[in-house]
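Written out below as structure tokens is the structure these notes cover.
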Amino acid sequence: MKNGLFEHQHRTDIILLTTFPILVAFATSYFELNYIIATFLFFGLPSIYLSLKNPARFKRSLIFSLILLGIFSLIIDYPAYVDKSWFVPNSAFRFLDNSTPIEDIIWAFLWVFFAITFWEYFLDKSGNHRHFSRNLRYLIVLGALMLSAFFSAYFLKPEILNIPYFYLKFGLILFAVPIALVLLRFHKLIPKVFSIGLYFFFISFLTEVVGLQNKHWLFDGPHFIATFNFFGHLIPLEEIVFWWGLGVPGIICWYEFFGDDHK
């Protein structure tokens, strides 16, 4: 792929970023590392490595990751808790009536930041290093409206936030629909989005194995399309489709449309 993931100058980086998470998975399993430490090793250290190799894009990647975190972390985690889409059993601290674990906030930020720094280093070859797209203002307005609606419901009518099959619904809205809309409009992004999706499918598989084994999270809700036995643990189809498969491609489509130049 020209100007893509497997360029000659990127081969060493790809080998490192493929080997390292395998070592982290073994270490997390063997030493029974907790959720925060495992998250930092899987997502934080690679993000730091890529940021040091691509410092010109660090600030923009960081800011956009924080914007997405600010908009979506509570909006997603609270209804997920109510519907039992997933649960973190050993959280050090929880927000909003013990619903949202601090570990999920840290995980969400580092996951998004790693995805964007990976995209910027390997796959985004545009000359736009510092400036955001004008569309970012629309994301900020959308985020403000969504947060206002969420907290209004939380304080005034919390039963609205009890959404059956929440994982399916938020996965379609947050990931599947934006991917379809952006890639239908900007066809040149398709092979690059597929490349990053393939890599993060591999990362997601590894983190899922050790996450379930070490009880970082579990799935005990009734509202899933289907569930499977995954190395002795229950896993919903939604987890495989929306986190493993569509999660990072969805984040990149949000980034390209609202923050970057669609190239």
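Reckoned from all heavy atoms, side chains included, excluding hydrogens, waters and symmetry mates.
Checked by atom type and distance alone, the side chain of Tyr199 pairs as donor or acceptor with a backbone atom of Leu17 at under 3.5 Å. Without hydrogens or angle criteria, Glu238 side chain to Ile225 main chain gives a donor-acceptor distance under 3.5 Å. Put simply, the side chain of Trp254 gets close to the backbone of Leu174: a donor and an acceptor are under 3.5 Å apart. In this structure a side-chain-to-backbone donor-acceptor pair under 3.5 Å is missing from Arg60 to Arg57. With Ser85 contributing its side chain and Tyr81 its backbone, the two residues share no donor-acceptor pair below 3.5 Å. A donor-acceptor pair is defined here as one N or O able to donate and one able to accept, closer than 3.5 Å; such a pair exists between the side chain of Ser148 and the backbone of Ala144. Between the side chain of Ser91 and the main chain of Val88, no donor-acceptor pair closer than 3.5 Å is present. Using a distance-only test at 3.5 Å, with no hydrogens or angles considered, no donor-acceptor pair links the side chain of Asp77 to the main chain of Thr100. The main-chain N or O of Phe122 is never found under 3.5 Å from a side-chain atom of Lys192 such that the two would form a donor-acceptor pair.
Minimum interatomic distance between Ala115 and Phe200 (heavy atoms only, all atoms of both residues): CA-CZ, 3.7 Å. Contact between Asn98 and Arg94 at its shortest, heavy atoms only, is O-CD, 3.0 Å. In this structure, Pro222 and Asp83 approach most closely via the heavy-atom pair CD-O, 4.2 Å. Here the shortest heavy-atom pairing between Ser204 and Thr207 reads O-OG1, 3.0 Å. In this structure, Ser99 and Tyr78 approach most closely via the heavy-atom pair OG-CD1, 3.1 Å. Listed here is the closest heavy atom pair of Gly232 and Asn229: N-OD1, 2.9 Å.
Clustering ILVMFWY residues whenever any of their side-chain heavy atoms sit less than 4.5 angstrom apart, transitively, puts Trp244 in the very cluster that holds Phe228. Leu246 and Phe202 fall within the same hydrophobic cluster, where Ile, Leu, Val, Met, Phe, Trp and Tyr residues are linked whenever their side-chain heavy atoms come under 4.5 Å apart, directly or through other members. By the rule that hydrophobic residues join a cluster once side-chain heavy atoms approach within less than 4.5 Å of another member, Phe205 and Ile251 end up as members of one cluster. Taking hydrophobic clusters as Ile, Leu, Val, Met, Phe, Trp and Tyr residues chained together by side-chain heavy-atom distances below 4.5 Å, Val24 shares a cluster with Phe231. Follow the hydrophobic side-chain contacts under 4.5 Å out from Phe170 and you never reach Ile173; the two are in separate clusters.
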Take Leu183 and Leu189 through the side-chain contact (heavy atoms from CB on, under 4.5 Å) test and state the conclusion after the steps. CA-CA 6 Å; Leu183 296 187; Leu189 291 176; 3.8 Å; yes
Phe31 vs Ile37, side-chain contact (heavy atoms from CB on, under 4.5 Å): CA-CA, chis, key distance, verdict: CA-CA 11 Å; Phe31 294 107; Ile37 294 175; over 6 Å; no
If you apply the rule side-chain contact (heavy atoms from CB on, under 4.5 Å), what do you find for Phe258 with Ile140, and how did you get there? CA-CA 9 Å; Phe258 287 106; Ile140 293 173; over 6 Å; no
Dump the intermediate steps for side-chain contact (heavy atoms from CB on, under 4.5 Å) on His233 and Phe219, then the final yes or no. CA-CA 9 Å; His233 301 277; Phe219 306 97; over 6 Å; no
Where do Asn214 and Tyr35 land on the side chain to side chain donor-acceptor pair (under 3.5 Å) test, with the steps shown first? CA-CA 8 Å; Asn214 287 12; Tyr35 189 179; over 6 Å; no
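Between atom OG1 of residue Thr39 and atom CH2 of residue Trp107 there is a gap of 8.5 Å, rounded to the nearest 0.5 Å. We find the NE2-CD distance between His216 and Glu208 to be 11.5 Å, quoted to the nearest 0.5 Å. Between the CG atom of Leu237 and the CZ atom of Phe242 there is a distance of 8.0 Å, given to the nearest 0.5 Å. With values rounded to the nearest 0.5 angstrom, Trp119 atom CH2 is found 14.5 Å from Leu50 atom CG. Distance check, rounded to the nearest 0.5 Å: CD of Gln213 to CZ of Phe230 gives 10.5 Å. Of the inter-residue distances, the one linking Phe186 atom CZ with Leu181 atom CG reads 10.5 Å to the nearest 0.5 angstrom.
Using a 4.5 Å heavy-atom cutoff, the side chains of Leu136 and Ile67 are in contact. In this structure the side chain of Ile203 never reaches within 4.5 angstrom of the side chain of Val248, judged on heavy atoms. Residues Leu68 and Phe109 form no side-chain contact, since every pair of their non-hydrogen atoms from C-beta on lies 4.5 Å or further apart. Put simply, the side chain of Phe40 reaches to within 4.5 Å of the side chain of Ile48, judged on heavy atoms. Between Pro178 and Phe257 the shortest side-chain heavy-atom distance does not fall below 4.5 Å. Between Leu161 and Phe150 the shortest side-chain heavy-atom distance falls below 4.5 Å. Using a 4.5 Å heavy-atom cutoff, the side chains of Val193 and Ile179 are not in contact. Annotation: side chain of Val112 is not in contact with side chain of Leu69 (no heavy-atom distance under 4.5 Å).
Using cut-offs of 30° and 60° on the angle between ring planes, the pair Phe114 and Phe43 is tilted. Between Tyr121 and His10, the ring planes are tilted. Angles from 30° to 60° get that label. Taking the six-membered ring where tryptophan is involved, the planes of Phe151 and Tyr154 are perpendicular, since the angle between them exceeds 60° and thus also 30°.
You'll find the ring centres of Trp86 and Tyr167 inside the 6.0 Å limit. In this structure, Tyr30 has its ring center at least 6.0 angstrom away from the ring center of Phe26.
In this structure, Lys169 places its NZ atom where more than 12 heavy-atom neighbours from other residues, nucleotides or ligands lie under 6.0 Å away.
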